[in-house]
Enquirer: 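Encoded as structure tokens, here's the structure I'll be asking about.
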Amino acid sequence: MSQHISPLAGKPAPSSILVDIPQLLAAYADLKPDPAVPAQRVAFGTSGHRGSSLERSFNEAHILAISQAICEYRRSKGIDGPLFIGADTHALSQPAFENALEVLAANGVATMISTGGEFTPTPAVSHAILVHNKGRTSGLADGIVITPSHNPPDNGGFKYNPSNGGPADSDITKWVENRANALLEGGLKDVRRMPYAQARQAATTHEHDYLNSYVADLANIVDFDVIRSAGVHMGVDPLGGAGVHYWAPIADRYKLDLTVVSAVVDPQFAFMSVDWDGKIRMDPSSKYAMQRLIGLKDQYDVAFACDTDHDRHGVVTRSSGLMEPNHYLSVLIDYLFRHRPQWGAHAAVGKTVVSTALIDRVAKRLGRRLFEAPVGFKWFAPGLFDGSLGFGCEESAGASLLRRDGTAWVTDKDGLVPALLSAEITAREGRDPGELYAQLTRELGKPFASRVDAAATPAQKAKLAKLSPDQLKSDRLAGEKIEQVLDRAPGNGAAIGGIKAIAASGWFAARPSGTEAIYKVYAESFQSEEHLQALLKEAQGIVDAALA
């Protein structure tokens with residue numbers, strides 16, 4: 001289970017690991033998936049269908065089938081408003097966008113594409129859906145986001161957001177997945193499609209200014225006045241992602257001292273430093289991937305980055321460098337619930353079961369209800385939509401929150417807003433989030449945490465997902481009595497797809513990834529690094545036994 005750190009980790013990407021873009025695009029068009037092979041079928045994980053054209057897991061056939069299935073789904077549900085579609089900077093996103101539009105236009109779906117073909121962050125699509133749907137009971141909009149998030153450059157991704165603006169729930173994704181696979185098995189003969197040039201000119205295809213609509217509305221969620229008056233000096237690295245052209249307009253509109261470190265867009269992402277496992281991955285929470293911005297930390301009061309679709313954030317402070325996502329999220333929750341007086345007293349704190357227990361302690365001190373959900377941001381969408389959640393977050397640096405007036409902002413993850421809030425915190429508190437985290441842990445206890453990823457076959461992942469409390473043979477965890485063993489989330493009773501064991505001063509959880517061929521073991525101790533290692537060792541024994 002030990003996580004092998006590649007000798008390339010944190011170093012500039014050598015040319016030998018860069019993806020061959022012409023080969024990738026040729027494979028997308030030419031390689032046909034075999035629906036009889038499980039790995040080549042449409043499969044919606046925690047965040048849409050993902051794969052690589054080189055492995056026949058993300059090809060033209062998949063996108064045509066999924067797009068047709070979405071058209072049929074929305075028709076069956078009476079969703080007849082516009083469909084907002086956005087794409088990121090991965091190489092496979094553009095051909096997937098073109099194929100999707102070919103199908104949407106042929107099905108007569110009013111489709112809102114970005115003005116001038118601008119890349120579109122995930123939160124800008126969610127924002128557009130909610131703004132359109134506000135106050136409506138008919139003509140409701142939904143959306144598609146074409147992105148594999150922070151995954152490597154040879155990956156593509158395709159996800160559907162229904163009318164609540166958030167990631168589709170599993171009942172929707174299962175319907176779309178099943179229908180898409182049936183269309184694949186039928187040789188795509190029931191897919192309606194027209195040539196791209198014709199689809200682009202279709203009466204149903206309209207341009208939408210995602211960038212300016214989103215940027216103009218940011219003042220309703222971030223306090224730019226306090227940032228500006230404090231003169232906070234900020235740096236941002238868009239990591240060549242979909243929000244690359246959003247940051248300069250944000251700085252201009254709100255008169256901020258904000259430097260864009262790089263506006264380079266490169267489908268090979270050759271400017272990245274290599275992630276822990278020797279792959280290129282645009283993960284703003286990885287110290288290996290974030291070497292460029294970490295190296296500039298002393299030049300700014302606070303700096304930040306976002307992943308490729310700008311739905312995750314990474315915050316770099318002078319005091320502590322790149323903050324662990326759990327550390328920054330704890331500070332952000334503590335700050336927001338003290339400085340958003342218009343959020344209702346009932347607005348809860350949302351976190352996943354594998355996020356830090358420091359959030360539990362922060363919520364308790366704030367007198368706020370804690371809503372603990374399985375991994376997957378879809379669980380927070382309803383609460384963010386109706387205002388019963390003030391904030392929802394995942395330990396992988398994904399979060400969203402309410403507007404300052406307590407109404408919905410976006411119901412999918414938003415990387416830009418939490419990034420900008422690091423500057424608001426610095427301005428109002430006079431200390432950066434790293435310093436505030438140190439204070440928080442002095443008051444509430446310091447967590448020692450780790451996550452270990454290990455390769456897993458589909459069969460192993462399925463076994464791990466079915467782990468149950470009765471498979472835990474011990475009633476003790478690293479020397480303490482086990483207080484609780486969960487296979488369902490306390491917030492909503494939904495299966496967590498794995499197991500979590502909790503003792504007085506530590507916990508561990510094990511679950512398969514919904515998007516990659518790995519499983520993840522999380523552990524956290526409020527005692528010491530040694531206690532953490534004991535937790536991980538016992539977790540390893542339980543996982544090994546389950547997979548044997």
Side-chain angles (χ1 to χ4, degrees), residues 42 44-50 63 66-88 93 96-97 100-101 103-104 109-114 119-134 136 139-149 156-177 179-180 208 210 213-214 217 242-243 307-312 376-386 389 392 394 398-401 408-417 514-515:
V42 172
F44 276 78
T46 43
S47 199
H49 173 76
R50 293 185 187 176
I63 303 311
I66 298 168
S67 301
Q68 181 64 38
I70 288 170
C71 291
E72 294 175 17
Y73 172 80
R74 67 194 310 271
R75 221 170 12 246
S76 75
K77 297 296 178 186
I79 301 170
D80 55 3
L83 182 141
F84 290 91
I85 188 168
D88 77 4
S93 295
F97 164 78
L101 189 62
V103 174
L104 293 164
V109 174
T111 306
M112 313 301 281
I113 65 173
S114 66
F119 304 115
T120 309
T122 287
V125 174
S126 181
H127 178 264
I129 295 168
L130 293 189
V131 168
H132 175 86
N133 289 345
K134 190 170 181 165
R136 291 177 188 266
L140 295 177
D142 54 2
I144 288 171
V145 191
I146 303 172
T147 174
S149 188
F158 200 88
K159 57 185 185 178
Y160 175 63
N161 287 32
S163 299
N164 73 355
D169 206 345
S170 42
D171 56 342
I172 300 174
T173 56
K174 187 50 69 181
W175 193 98
V176 171
E177 181 182 301
R179 178 58 182 146
H208 177 73
Y210 290 94
S213 305
Y214 177 90
D217 207 4
D307 68 337
T308 325
D309 67 320
H310 271 51
D311 73 343
R312 298 183 193 217
F377 209 78
K378 64 186 179 186
W379 303 108
F380 302 127
L384 290 166
F385 186 76
D386 66 17
L389 271 186
E394 295 185 311
S400 191
L401 55 143
W409 166 248
V410 303
T411 47
D412 208 329
K413 294 185 294 239
D414 188 329
L416 295 93
V417 167
T515 55

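What's counted below: heavy atoms across the whole structure, side chains too, no hydrogens, waters or symmetry copies.
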Enquirer: CH2 of Trp175 to CD1 of Ile70: how many Å apart, nearest 0.5 Å?
Expert: 10.0 Å
Enquirer: Could you grab the distance from atom CG of Asp414 to atom OG of Ser126, nearest 0.5 Å is fine?
Expert: 8.5 Å
Enquirer: If you look at every heavy atom in Pro167 and Ala381, which pair is closest and at what distance?
Expert: CD-CB, 4.5 Å
Enquirer: So Pro121 and Asp311, do their side chains get closer than 4.5 Å, heavy atoms only?
Expert: no
Enquirer: Tell me every residue that passes side chain to side chain donor-acceptor pair (under 3.5 Å) with Lys77, counting only those two or more places apart in sequence or in another chain.
Expert: none
Enquirer: List the residues meeting side-chain contact (heavy atoms from CB on, under 4.5 Å) with Ala399, not counting sequence neighbours, and say none if there are none.
Expert: His313, Leu329, Phe391, Cys393, Pro418
Enquirer: For residues Ser67 and Phe158, determine if any side-chain heavy atom of one lies less than 4.5 Å from a side-chain heavy atom of the other.
Expert: yes
Enquirer: Measure from the side-chain N and O atoms of Thr411 to the backbone N and O of Leu384, and report whether any donor-acceptor pair falls under 3.5 Å.
Expert: no
Enquirer: Test of understanding: with ring-ring contact (aromatic ring centres under 6.0 Å, His included), list the residues that count as partners of Phe84, not counting sequence neighbours.
Expert: His208
Enquirer: Quick one: does Arg179's side chain have a donor or acceptor within less than 3.5 Å of a partner on Gln68's backbone?
Expert: no
Enquirer: Taking Thr147 for the side chain and Val145 for the main chain, is one N or O donor matched with an acceptor at less than 3.5 Å?
Expert: no
Enquirer: Taking the side chain as everything from C-beta on, heavy atoms only, tell me whether Val131 gets closer than 4.5 Å to Ser213.
Expert: no
Enquirer: So which heavy atom on Asn164 is nearest to which on Gly166, and how close?
Expert: OD1-N, 2.9 Å
Enquirer: Of all heavy-atom pairs between Ala69 and Val176, which one has the smallest distance, and what is that distance?
Expert: CB-O, 3.6 Å
Enquirer: Please name all residues satisfying side-chain contact (heavy atoms from CB on, under 4.5 Å) with Asp386, sequence neighbours left out, ordered by chain then number.
Expert: Ser388
Enquirer: Name all residues meeting the ring-ring contact (aromatic ring centres under 6.0 Å, His included) criterion together with Trp409; count only those two or more places apart in sequence or in a different chain, and write none if there are none.
Expert: His127, Tyr214
Enquirer: Looking at OG1 of Thr173 and NZ of Lys378, how far apart are the two atoms once the value is rounded to the nearest 0.5 Å?
Expert: 5.5 Å
Enquirer: For the residue pair Ser93 and Asp88, confirm or rule out a side-chain donor-acceptor distance under 3.5 Å.
Expert: yes
Enquirer: Any idea which heavy atoms bring Pro82 and His132 closest together, and the distance?
Expert: CD-NE2, 3.4 Å
Enquirer: Hey, does Val417 have a side-chain heavy atom less than 4.5 Å from the side chain of Pro123?
Expert: no
Enquirer: Taking all non-hydrogen atoms of both residues into account, name the closest pair between Ile85 and Val125 and its distance.
Expert: C-CG2, 4.4 Å
Enquirer: Do Trp379 and Glu394 come close enough that some side-chain heavy atom pair is under 4.5 Å?
Expert: no
Enquirer: Nearest 0.5 Å please: distance from the CZ atom of Phe380 over to the CG atom of Leu401.
Expert: 13.0 Å
Enquirer: Is there a donor-acceptor pair under 3.5 Å between the side chain of Ser163 and the backbone N or O of Ala141?
Expert: yes
Enquirer: Quick one: list whatever passes side chain to side chain donor-acceptor pair (under 3.5 Å) with Asn161, sequence neighbours left out.
Expert: Asp412
Enquirer: For a 4.5 angstrom cut-off between non-hydrogen side-chain atoms, does Thr111 reach Leu101?
Expert: yes
Enquirer: Can you tell me how far OG1 of Thr120 sits from CD1 of Ile113, rounded to the nearest 0.5 angstrom?
Expert: 9.5 Å
Enquirer: Is Tyr210 close to Met112 at the side-chain level, that is, under 4.5 Å between some pair of heavy atoms?
Expert: yes
Enquirer: What's the separation between atom CD1 in Ile146 and atom CG in Asp309, rounded to the nearest 0.5 Å?
Expert: 12.0 Å
Enquirer: If you apply the rule side chain to side chain donor-acceptor pair (under 3.5 Å), what do you find for Asp307 with Ser149, and how did you get there?
Expert: CA-CA 7 Å; Asp307 68 337; Ser149 188; 2.9 Å; yes
Enquirer: The test is side-chain contact (heavy atoms from CB on, under 4.5 Å); show your working for Tyr160 and Ile66 and say whether it passes.
Expert: CA-CA 9 Å; Tyr160 175 63; Ile66 298 168; over 6 Å; no
